[in-house]
Number of protein chains: 2
Amino acid sequence: MVQRLIPGLTRDQIVAQAFVLVEDEGLDSLSMRKLAGRMNVQAAAIYWHISGKAELLGLMARDIYAAAYAGTHGAQDWREWLRQFGRALHSSLASHRDGARLCAIARPPSPADAEKQAAHIAAPLKALGLEASVALAHQAAVISFTLGWTMFEANGPMRDFLCEMMDFDATFTIGLESLVNGLPAK
Amino acid sequence: MVQRLIPGLTRDQIVAQAFVLVEDEGLDSLSMRKLAGRMNVQAAAIYWHISGKAELLGLMARDIYAAAYAGTHGAQDWREWLRQFGRALHSSLASHRDGARLCAIARPPSPADAEKQAAHIAAPLKALGLEASVALAHQAAVISFTLGWTMFEANGPMRDFLCEMMDFDATFTIGLESLVNGLPAK
DNA sequence: ACCTGAACACCGTTCAAGT
DNA sequence: ACCTGAACACCGTTCAAGT
């Protein structure tokens, strides 16, 4: 027992394969059985590592948000940080097939985890001088707008028709800018 | 054949019962079989009236949006109209269990219907002096923010923790106001 | 510790056949 | 025209049993 025998499965591997599956076949085709099949394992095996499909979706959503935080840095004030974060989240959501729908469906893994997540959410804005409750509220507004917009954008039939009439990216930026500029420092 | 024998089922009845089912058991428990069971009919019977579950969700979402339009009237300018619409949509979404998630999942029934819906969407704003493409863009921004926010708000575990720190309704209004005030007349 | 086999209780959808 | 019966091809999850 030098260290630990590598198990056939890992939480990270499962989540990674789930992303590949969704990329290939779409979110509606993500099933525990298909996912297991891709890893040459029985569906039940996944339940040793993950409590269920809800947790799987939660972990995937967390990765998408994490990418947005990772893509935000070097802002001088909280408004600039919110603008950067909004753009980063938008591109993170758009870069995964059905990313927005996934984050819409997913719920925070545990009630306890929600509290920790909220602290993590507000931290960058607090560092830039915002009070905790204001930071949470503003961050929630930007996440809401961005998530809602990306869902709108991904809405197939609507999209094909609308993109003849407007530039989605430019319109998103205008909305984000309006929202952020109007938010009070309190 | 005086007029037409009333059939046991109607599209409207099916949609209405679907709302009742969701209210009782939540969106995750909405199945064609349970729905049929509530109407004392086989699941297959529903398919005579509705093409499938996707169309059912589309019809439900349409009702939710319709209520928002119905609750918007008497605005003097397009900004006031957008504020009213945002608030009306928010309360329409919040008044149906899982309403936001439902609208997030639902897609416009048909590609042809999307075009008609887009025209309907932009009409009130055009009447208040906005150019068609600008009207669509602004309306999309308000819908996105409102839908995203209501989803955030409905996110159980997160909610319980956050509502100790902020007033959801007040914060939503601040965000909506910021967004609308910042939008350009173009 | 980690996975298989097999089962339980469901799904959405289709389609012949009934009335 | 409208619905039933029965089937097809799936689901998520659990749990004894294997290794």
Side-chain angles (χ1 to χ4, degrees), chain A residues 1-22 24-61 98 101-102 104-107 109-110 156, chain B residues 1-22 24-61 98 101-102 104-107 109-110 156:
Chain A
M1 49 158 97
V2 185
Q3 173 119 0
R4 177 145 99 68
L5 272 309
I6 49 142
L9 255 49
T10 306
R11 279 171 78 96
D12 291 344
Q13 277 174 41
I14 293 170
V15 174
Q17 268 297 328
F19 272 113
V20 175
L21 207 172
V22 170
D24 287 353
E25 310 187 31
L27 185 58
D28 294 329
S29 297
L30 172 59
S31 75
M32 301 303 258
R33 294 170 125 100
K34 268 188 192 158
L35 182 54
R38 291 213 174 202
M39 313 185 90
N40 296 114
V41 111
Q42 293 303 112
I46 295 177
Y47 288 82
W48 182 262
H49 304 273
I50 284 182
S51 73
K53 192 173 182 178
E55 181 171 29
L56 175 61
L57 293 173
L59 291 170
M60 295 175 77
D98 292 327
R101 229 167 85 225
L102 198 161
I105 293 171
R107 302 172 182 288
S110 72
Chain B
M1 51 160 99
V2 185
Q3 173 121 358
R4 177 147 98 69
L5 273 308
I6 48 143
L9 257 48
T10 306
R11 279 171 77 96
D12 291 343
Q13 277 175 40
I14 294 171
V15 174
Q17 268 298 327
F19 272 114
V20 175
L21 207 171
V22 170
D24 286 354
E25 311 187 30
L27 185 58
D28 294 330
S29 297
L30 171 59
S31 75
M32 301 303 257
R33 294 170 125 101
K34 269 188 192 157
L35 183 53
R38 292 213 173 202
M39 314 185 89
N40 297 113
V41 112
Q42 293 302 112
I46 294 176
Y47 289 81
W48 181 261
H49 303 273
I50 284 182
S51 72
K53 193 173 183 180
E55 182 172 28
L56 175 61
L57 292 172
L59 291 170
M60 295 175 78
D98 293 328
R101 229 168 86 224
L102 198 162
I105 292 171
R107 303 173 181 289
S110 71

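Not measured: the values here are computed from a predicted model. Chain naming here is simple, since letters A, B, ... match the order of the sequence lines and numbering starts at 1 in each.
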Contact letters for nucleotides 6-19 of chain C, in which S counts primed atoms plus P, OP1 and OP2 and B counts the base, heavy atoms under 4.0 Å: -B---BBBBB----

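Residue pairs meeting the salt bridge (charged side-chain N to carboxylate O under 4.0 Å, His left out) criterion with at least one member in residues 12-22 of chain A, sequence neighbours excluded, do not occur. Residue pairs meeting the salt bridge (charged side-chain N to carboxylate O under 4.0 Å, His left out) criterion with at least one member in residues 37-53 of chain A, sequence neighbours excluded, are A/Asp24-A/Arg38, A/Glu25-A/Arg38.
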Pair assignment for DNA chain C - dot-bracket with | for other-strand partners, Watson-Crick or G-U under 3.5 Å: ||.|||||...|||||.||

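Distance B/Trp48 CH2 to D/dT4 C1': 13 Å, rounded to the nearest Å. Per the geometry, CD1 belonging to A/Ile14 stands 11 Å off P belonging to C/dC2, to the nearest Å.
The side chain to side chain contact (heavy atoms under 4.5 Å, CB included) search around B/Ala16 returns none, not counting sequence neighbours. In this view, A/Ser29 satisfies the side-chain hydrogen bond (donor to acceptor under 3.5 Å, both in side chains) rule with no residue, not counting sequence neighbours. In this structure B/Leu27 satisfies the side chain to side chain contact (heavy atoms under 4.5 Å, CB included) test together with B/Val22, B/Leu30, B/Leu57, B/Asp98, B/Arg101, B/Leu102, B/Ile105, sequence neighbours excluded. Contacts of A/Ser31 classified as side-chain hydrogen bond (donor to acceptor under 3.5 Å, both in side chains), with partners at least two apart in sequence or in another chain: none. Residues meeting the side-chain hydrogen bond (donor to acceptor under 3.5 Å, both in side chains) test with A/Asn40, sequence neighbours left out: none.
D/dA17 and C/dA1: their C1' atoms are spaced 15 Å apart (whole Å). Using P as the reference atom, C/dC10 and D/dA9 are 22 Å apart when rounded to the nearest Å. Nucleotides D/dC3 and C/dA16 are separated by 13 Å at their C1' atoms, to the nearest Å.
Across A/Ala18 and A/Leu35, no two heavy atoms sit closer than the pair N-CD1, 3.6 Å.
For C/dC3, one of the phosphate oxygens OP1 or OP2 lies less than 4.0 angstrom from a side-chain nitrogen or oxygen of A/His49.
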